Amino acid sequence: MSFERKVCVENTAENAVDLAAELVKITICESLGLRSGCCVALSGGSTPQRLYQRLAQTSTGEDVPWGATEIFFGDERDVSLDDVASNYRMAQRTLLDHLPIEPQRIHPIRGDADDLDAAATEYEKLIRQIVPIGPGNIPRFDLILLGMGSDGHTASLFPGSAAVNEVHKLVVAHNVPVVGRRRITFTLPLINAARNVILFVTGDDKADAVAALLSDDPAQRQRFPVACVQPTDGLLTMVFDTAAARRIKT
Ligand code: 6PG
């Protein structure tokens with residue numbers, strides 16, 4: 001394994017939320033120490049909601065220079081931005097509405113576009129305009145937050161989907177049979193170009209996937225797209241609660 005990885009296990013989901021929130025704040029502050037801006041991609045689903053609420057409760061414009069951050073989304077569903085299933089809507093209500101970030105620094109994916117392929121292409125262009133380009137001519141996020149499904153998917157990179165093997169495009173739209181809908185998602189080249197990735201996973205239902213992810217057996221790991229998250233020149237920090245980590249072989 002040639003990338004840097006840290007694994008943190010907290011006793012409770014609440015403690016895992018606290019740790020993840022502190023790591024997000026530290027990462028943003030450190031990034032702004034390096035340069036004048038900070039580009040962050042948020043994850044969706046249900047797990048990060050408590051994390052976003054905690055960030056909204058515990059960080060203000062003074063301790064975390066949110067006003068200098070650019071907010072993106074690692075994936076989105078094929079719904080309107082005000083749909084209850086929208087990752088943007090979830091992040092807006094739990095976090096972004098409570099932070100001193102100008103609207104023009106918040107960049108939702110247009111999951112409601114008639115042409116999702118064009119929307120994915122446009123989002124990649126936007127990322128290239130705003131996020132500093134790193135090695136390999138790939139934009140380098142300061143922080144990408146990721147979750148994981150019980151099937152080992154992350155962002156909207158699901159087992160068996162061609163998007164997992166995409167090596168040229170940085171953002172793609174694709175059909176996801178297991179959810180019966182289309183999704184727009186970051187691809188692994190973009191994720192693995194990040195300076196920092198935080199994988200935040202809690203809950204008993206994720207225990208098998210977490211154990212496989214951390215397995216010494218490549219055959220176990222390779223079943224899950226999340227195992228392909230290996231930041232080339234960055235740090236992957238995994239934050240679990242004991243429920244999600246209960247099957248890790250120590
Ligand atoms: C999404 C997320 C996805 C999520 C996992 C876990 O759009 O659903 O981006 O990758 O992190 O599906 O979802 P839960 O946190 O709801 O279990």
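Counting convention: from 1, in listed order, for ligands and their atoms alike. Not measured: the values here are computed from a predicted model.
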What I want to find out is whether [X] reaches [Y] closely enough, with some N-O distance under 4.0 Å, to be called a salt bridge.
| X | Y | value |
| --- | --- | --- |
| R35 | D142 | yes |
| R183 | D78 | no |
| E76 | R110 | no |
| E166 | K169 | no |
| R247 | D208 | yes |

Please list, in number order, the atoms of ligand 1 under 4.0 Å from a heavy atom of [X].
| X | value |
| --- | --- |
| D75 | 1 (C), 2 (C), 7 (O), 9 (O) |
| H153 | 3 (C), 5 (C), 10 (O), 12 (O) |
| G147 | 11 (O) |
| G45 | 1 (C), 2 (C), 8 (O), 16 (O) |

Tell me whether the count of non-hydrogen atoms from other residues, nucleotides or ligands lying under 6.0 Å of [atom1] in [X] goes above 12.
| X | atom1 | value |
| --- | --- | --- |
| D114 | CG | no |
| D216 | CG | no |
| D151 | CG | yes |

With the threshold set at under 4.0 angstrom, would you say E76 reaches ligand 1 through any of its heavy atoms? no
Hey, would you say the F186 and F141 ring centroids sit under 6.0 Å apart?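 Ring centroids of F186 and F141 are less than 6.0 Å from each other.
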Quick one: nearest non-hydrogen protein atom to [atom], plus distance?
| atom | result |
| --- | --- |
| atom 8 (O) of ligand 1 | R77 NH2, 2.8 Å |
| atom 16 (O) of ligand 1 | S46 OG, 2.6 Å |
| atom 17 (O) of ligand 1 | K206 NZ, 2.8 Å |
| atom 4 (C) of ligand 1 | G44 O, 3.9 Å |

Applying a heavy-atom cut-off of 4.0 Å, say which part of [X] lies close to ligand 1: side chain, backbone, both or neither.
| X | answer |
| --- | --- |
| N87 | side chain |
| M148 | backbone |
| T47 | both |

Min over A155, G203, S43 of heavy-atom distance to atom 3 (C) of ligand 1 lands on A155
For the 3.5 Å polar cut-off, considering only N or O atoms, please tell me whether T154 and ligand 1 meet it.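 Checking ligand 1 against T154, no N or O pair falls under 3.5 Å apart.
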